[in-house]
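If you're wondering where the values come from, they're calculated on a predicted model, not measured in any experiment.
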Amino acid sequence: MEKSVIKTDPGDEQAKGRVALWLDPSDLEWLAGKCDCPPDAAPDVTDRCARVRFRASAALHKAGLKG
């Protein structure tokens with residue numbers, strides 16, 4: 001069974017202050033697993049890193065490239 005993809009609404013994303021960023025799947029895979037936060041990093045830094053990794057992983061999942 002093929003999964004249906006819910007398309008992103010550009011207007012909704014723009015209203016949230018977001019911008020489009022198109023990356024190759026291999027770049028998204030790298031980004032999803034990348035974290036160079038030092039052990040003593042501030043919580044806002046580690047939160048940002050987690051958000052970026054999550055979004056990279058979600059983009060791969062939405063595209064059907066990650067299980």
Are Phe54 and Val45 grouped together when hydrophobic residues (ILVMFWY) are joined by side-chain heavy atoms under 4.5 angstrom apart?
no

Please say yes or no: joined through hydrophobic side-chain contacts below 4.5 Å, possibly via intermediate residues, are Leu21 and Leu65 part of one cluster?
yes

Return each pair, listed once, that meets side-chain hydrogen bond (donor to acceptor under 3.5 Å, both in side chains) where at least one residue sits in residues 29-39; pairs must be two or more places apart or across chains.
Lys34-Asp36

Restricting to non-hydrogen atoms, name the atom on [X] and the atom on [Y] that form the minimum distance, rounded to 0.1 Å.
X     : Y     : result
Ala56 : Leu28 : CB-O, 3.7 Å
Leu31 : Arg53 : O-CG, 3.4 Å
Thr46 : Pro43 : OG1-O, 3.0 Å

Looking at Lys16 and Asp12, is any side-chain nitrogen of the basic one under 4.0 Å from a carboxylate oxygen of the acidic one?
yes

Verify the neighbour count for atom CD of Gln14: are there more than 12 heavy atoms of other residues, nucleotides or ligands below 6.0 Å?
no

